[in-house]
Every structure is written in structure tokens, then in C-alpha cells.
Q: 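Mind looking over this structure? Questions follow.
Just so it is clear: chains get the letters A, B, ... in the order the sequence lines come, proteins before strands, and each one is counted from 1.
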There are 2 protein chains.
Amino acid sequence: MRISELVDRTGVPLATVKYYLREGLLMPGQATGATQADYDDAHVERLGLIRALIDVAGLSVKRAKAVIDVIEHPESDLVRTIGRALEELPPYGGSDAAEYPRAKRAIEALGQVYDPDYAAVAQLERALAAAEAAGVPMTDDRLRAYGGAIMELAEFDIGNMSTTDPADAVKYAVLGTALYEPVIAAMRRLAHQDAVYRALGGSS
Amino acid sequence: MRISELVDRTGVPLATVKYYLREGLLMPGQATGATQADYDDAHVERLGLIRALIDVAGLSVKRAKAVIDVIEHPESDLVRTIGRALEELPPYGGSDAAEYPRAKRAIEALGQVYDPDYAAVAQLERALAAAEAAGVPMTDDRLRAYGGAIMELAEFDIGNMSTTDPADAVKYAVLGTALYEPVIAAMRRLAHQDAVYRALGGSS
DNA sequence: CAGTATTGGATAGCGTCACTATCTTGTCAA
DNA sequence: TTGACAAGATAGTGACGCTATCCAATACTG
């Protein structure tokens with residue numbers, strides 16, 4: 001299809017499609033001449049992915065490109081590849097303190113291995129520090145309650161991951177992380193409302 | 001304390017503190033003269049909250065102000081007040097479609113009440129649509145697994161909410177939502193890594 | 001085959017945002 | 001009384017994510 005049809009099918013403005021092409025988020029079409037190129041369903045899908053990463057997952061254009069690059073060119077080492085992609089996902093790590101006391105305590109309380117090289121450790125530290133600074137610190141009780149529920153989530157995710165195709169596993173892991181976090185957040189908010197509603201016996 | 005001490009204690013640059021004052025995020029100090037004002041621990045705490053909302057929860061300055069306003073001046077109707085604050089939290093709802101088929105199906109599958117007026121319904125719809133568009137659609141299996149785990153989270157949260165002091169409840173609900181979502185996201189990522197690590201038998 | 005439309009490619013501009021810097025005027029403290 | 005600091009106002013900055021315009025080279029259309 002021509003670029004105008006791609007624009008029509010996705011709803012993404014022409015100028016923006018060209019911008020994504022320039023930035024390397026969208027692969028160029030098959031050139032059929034000096035001023036013409038063919039686009040196909042892969043381009044439609046890619047635009048969907050780009051918008052999902054930018055609009056829903058909240059990534060910047062640059063980080064979205066990094067994530068797409070990782071998915072397109074996975075390394076042989078699965079765990080490292082996924083780790084690399086996850087570092088592009090928000091929240092982003094600023095200065096690396098090399099010391100994450102809150103995160104360390106939490107992780108060890110849950111019986112997990114504490115490895116300060118994981119980007120998520122720094123993320124957890126900052127999230128915990130922020131909650132503390134704002135006056136709603138993490139308690140041991142809550143840590144235990146959250147830990148159990150989150151283990152459930154994680155075990156389902158990992159259990160459903162393809163172990164045969166590494167490229168698929170990377171895509172699943174990265175998109176699963178980036179795109180299901182908003183799903184989980186929304187579901188939690190709804191569950192809160194439901195719980196409050198039931199706690200109040202259905203009255204406003 | 002003087003403004004310079006506030007700057008030193010929080011690490012927030014002077015120009016930025018003035019900016020927050022201008023924008024109404026930070027309450028003015030007690031004026032002791034035409035060019036002098038006193039700041040106290042409440043100001044230090046507020047700056048911590050502002051940075052937590054902006055840097056960790058990812059709010060814009062304007063939305064952070066809206067959240068702070070709600071916490072400071074809660075209405076009598078608890079549920080409505082919390083709802084108002086939650087709409088300021090990302091991800092933000094764009095055009096209201098009034099029809100949320102994916103979210104409706106999911107919510108009813110979990111046995112909750114579907115009310116399209118909740119902002120979180122639109123958020124869930126967009127998150128589900130994005131996952132679908134990106135090629136990792138929500139399955140019934142996953143919905144059930146997530147639903148159970150998330151109910152656990154929500155029940156703990158609501159169970160620990162103060163039912164006596166409305167102002168406290170609002171603060172707890174809003175900050176709990178805004179600041180614990182990053183905590184949960186980080187914990188899930190770590191749980192993923194832990195699960196993969198154990199699935200691979202400890203080898204890299 | 002003339003004429004209009006469309007494309008790819010390049011470049012420049014725009015609006016928002018979150019600061020940041022400067023300047024003025026007043027004031028406190030030594 | 002002098003020099004550092006403060007408040008308040010205003011303008012500027014750099015990044016970001018588009019968006020608009022131009023141009024030359026085709027491609028369809030009648």
C-alpha cells in the first residue's frame with residue numbers, strides 16, 4: 001500500500017509517520033521507484049506498537065526506539081537482552097547510588113536474590129524513598145501482602161513465556177512489562193473502588 | 001528557616017523553589033517582612049511530596065498541583081473526592097468514548113460492577129487496546145490470574161485505610177495509588193527476574 | 001501525452017513544558 | 001553603612017514531539 005493508505009488505516013498523521021521514519025521507529029517501505037514505496041501490514045502493526053509504547057506506556061520517542069531495536073535484534077543471552085530493554089522503560093534511573101538500603105531490605109524480606117545491577121532495584125529504591133518522603137512509608141505488613149500477590153502475577157507471566165523461541169520470549173517479556181503495567185494499575189484502581197463500594201455497603 | 005536553608009535541606013534549586021511557589025504547589029512561608037519569610041518542616045515535607053509526585057509518579061506540575069489541592073481541601077464526599085484526585089494521575093484519559101467493550105468484559109468477568117464513569121475504566125480500556133494492538137492481547141486465563149492477585153492487593157490497601165479521619169483517608173488513597181504503583185511495578189519486574197532465574201536453575 | 005496529484009526527502013517552525021537566569025527593589029545584620 | 005540576602009516580576013532556555021512547507025521526481029487520469 002502507499003503511504004497515504006497507511007495514514008488512513010492507522011490514523012497517524014502523514015507528517016508524524018514521516019517523523020517516525022526519520023527517527024528509525026518505523027522501517028522504510030519497499031521502494032518501488034524514486035518517489036514511491038510499498039508498505040504492508042507489518043507497518044500498520046508497527047505503528048500500533050509505537051503508539052502503544054508512547055501513548056500508553058509513556059515512553060519517549062528515543063526510548064521507544066531503543067525498545068523496538070532490542071525486540072528486533074535480540075542478543076543470544078536472553079536475560080541480558082531483556083534486562084537491556086527493561087532499562088528503557090520508565091521509571092528511569094538517574095544517578096546510580098550503588099547502595100539501595102530500602103530495596104535491599106525489601107527484596108531480602110521476600111526471599112529473593114539482591115543484585116544491585118538490576119535496574120529494577122534502583123527503581124524500587126526510589127519508589128520506596130518517594131513513598132517515605134511523602135509520608136506513606138512501606139510497612140512490613142504491606143510488603144508481605146504485596147509480595148505474595150506480586151509473586152502470583154509474576155509466576156503466571158513467566159509460566160506462559162515461550163521457552164523455545166528466544167525472539168518471542170524477548171518480545172513477550174518486554175511488551176508484557178511495558179504494556180501490562182498500565183493494565184495492572186487500572187485494575188488495581190478499579191479493585192480499590194470496588195472494595196470501597198462494598199465496604200460502604202453499596203451506599204455512596 | 002530562611003529560603004536558603006530550605007534549598008540546602010531539600011536540594012531543590014532556589015529558582016525551582018520560587019517556581020513552585022509561583023505555581024502554588026508550595027505554600028508561601030510566614031512573611032516576617034517585605035522581603036523575608038519563614039519556612040518550616042512542612043515546607044520541607046511538601047517539597048518532598050512535590051518531587052515524589054513529579055519525579056516518581058510522573059505527574060506534570062499542573063496535575064501535581066491538582067492532587068495537592070485535593071489532599072489539602074477534601075470535600076465531604078469521600079468517594080467523589082478520591083475519584084477527582086485519581087483522574088489527575090496518569091495514564092490520562094483522552095477522548096471519552098462512552099463505550100469500553102474490553103474493560104466491560106474484563107470487569108464483569110471479575111464480578112465487579114461496571115460503571116463507565118470511573119476514570120479507571122477508560123484507562124483499563126486503553127491499556128487493553130494497546131496490548132492488543134501491540135500483539136500481546138489479554139487472555140481469559142491471564143485476566144483470572146491477575147484479577148485474583150490484584151484483589152489481594154486492593155483488599156490489603158482498603159483494609160488498612162483509616163475510616164475515622166476523612167482527610168487522612170483521602171491522602172492515603174491518593175498517595176497510595178500514585179506512589180505505590182511504581183513500587184508494585186518495580187516489585188513485579190524483580191519477581192520476573194527472580195522467577196526466570198529460578199526457572200533457569202540459577203545459570204545465567 | 002498533458003496535466004494534476006502524490007511521494008519521498010529535507011528543513012524549518014511551533015507550542016508546551018519545566019525549569020533557569022536576571023533584574024529590581026527592599027531589608028536585615030554586623 | 002555596607003554588603004549579603006530576600007521577594008517578586010519577567011524573560012529566556014533547551015528538550016521534546018510533532019507539524020508545516022518546499023522541492024524535485026515520478027505516477028495516475030483522462
Q: Stepwise, does the side chain to side chain donor-acceptor pair (under 3.5 Å) test hold for Asp157(A) with Tyr146(B)?
A: CA-CA 10 Å; Asp157(A) 291 336; Tyr146(B) 278 27; 2.6 Å; yes
Q: Does some side-chain heavy atom of Arg84(A) sit less than 4.5 Å from a side-chain heavy atom of Arg80(A)?
A: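 Sidechains of Arg84(A) and Arg80(A): no contact.
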Q: Compare all side-chain heavy atoms of Thr177(A) with those of Ile82(A) and state whether any distance is below 4.5 angstrom.
A: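 They are not in side-chain contact.
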Q: Under 4.0 Å from any atom of DNA chain D, heavy atoms only: list the residues of residues 6-22 of chain A that qualify, in numerical order.
A: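 When residues 6-22 of chain A is checked for heavy atoms under 4.0 Å from DNA chain D, the hits, listed by number, are Pro13(A), Ala15(A), Thr16(A), Tyr19(A), Tyr20(A), Arg22(A).
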Q: Any side-chain N or O of Thr35(B) below 4.0 angstrom from OP1/OP2 of dT25(C)?
A: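 For dT25(C), OP1/OP2 do not have a side-chain N/O of Thr35(B) under 4.0 Å.
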Q: Quickly work out the His43(B) NE2 to dA7(D) P distance and round it to whole Å.
A: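 Rounded to the whole Å, the gap is 10 Å.
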Q: What is the distance, to the nearest angstrom, from the CG atom on Leu25(B) to the P atom on dA18(C)?
A: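 Value for this atom pair: 10 Å.
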Q: Can you check whether Pro74(B)'s main-chain N or O pairs, donor with acceptor, with Thr81(B)'s side chain at less than 3.5 Å?
A: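 No; judged by distance alone, with no hydrogens or angles, the pair does not exist.
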Q: Picking from Arg51(B), Arg46(B), His43(B), what satisfies side chain to side chain donor-acceptor pair (under 3.5 Å) with Tyr20(B)?
A: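 Of Arg51(B), Arg46(B), His43(B), side chain to side chain donor-acceptor pair (under 3.5 Å) with Tyr20(B) is met by Arg51(B) alone.
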Q: Among dC18(D), dT7(C), dA6(D), find the nucleotide with the atom closest to the side chain of Val61(A).
A: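 Of dC18(D), dT7(C), dA6(D), dC18(D) is nearest to the side chain of Val61(A).
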Q: Expressed in angstrom and rounded to an integer, what is the separation of Gln36(B) atom CD from dT27(C) atom C1'?
A: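 Interatomic distance, CD of Gln36(B) to C1' of dT27(C): 7 Å.
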Q: Please report the distance, rounded to the nearest Å, between CG in Leu47(B) and P in dC19(C).
A: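 Rounded to the whole Å, the gap is 12 Å.
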Q: Do the side chain of Tyr39(A) and the main chain of Gln30(A) share a donor and acceptor less than 3.5 angstrom apart?
A: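 Between the backbone of Gln30(A) and the side chain of Tyr39(A) there is no qualifying donor-acceptor contact (under 3.5 Å).
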Q: Check whether Thr16(B) reaches the backbone of Val12(B) with its side chain - one donor and one acceptor, N or O, closer than 3.5 Å.
A: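 No.
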Q: Mind calculating the distance between CG (Asp38(B)) and P (dT27(C)) to the nearest angstrom?
A: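 The distance from CG of Asp38(B) to P of dT27(C) comes to 17 Å, rounded to the nearest Å.
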Q: In whole angstroms, how far is the C1' atom of dA5(C) from the CD1 atom of Ile3(A)?
A: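 For the pair Ile3(A) CD1 and dA5(C) C1', the rounded distance is 15 Å.
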Q: Please tell me which of Lys62(B) and Pro28(A) maps to the more 5' nucleotide of DNA chain C, matching each residue to the nucleotide holding its nearest heavy atom.
A: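 Its nearest nucleotide lies further toward 5', so the answer is Pro28(A).
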Q: Could you check how far CG of Leu59(B) sits from P of dA18(C), rounded to whole Å?
A: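 Spelled out: CG on Leu59(B) to P on dA18(C) is 10 Å.
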Q: What is the distance from OH of Tyr39(A) to P of dT6(C), rounded to the nearest Å?
A: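 Distance, rounded to whole Å: 16 Å.
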Q: Identify whether any heavy atom of Ala31(B) sits under 4.0 Å from a base atom; if not, whether one sits that close to sugar-phosphate; answer base, sugar-phosphate or nothing.
A: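 Nothing: the residue Ala31(B), judged by heavy atoms under 4.0 Å, touches no strand.
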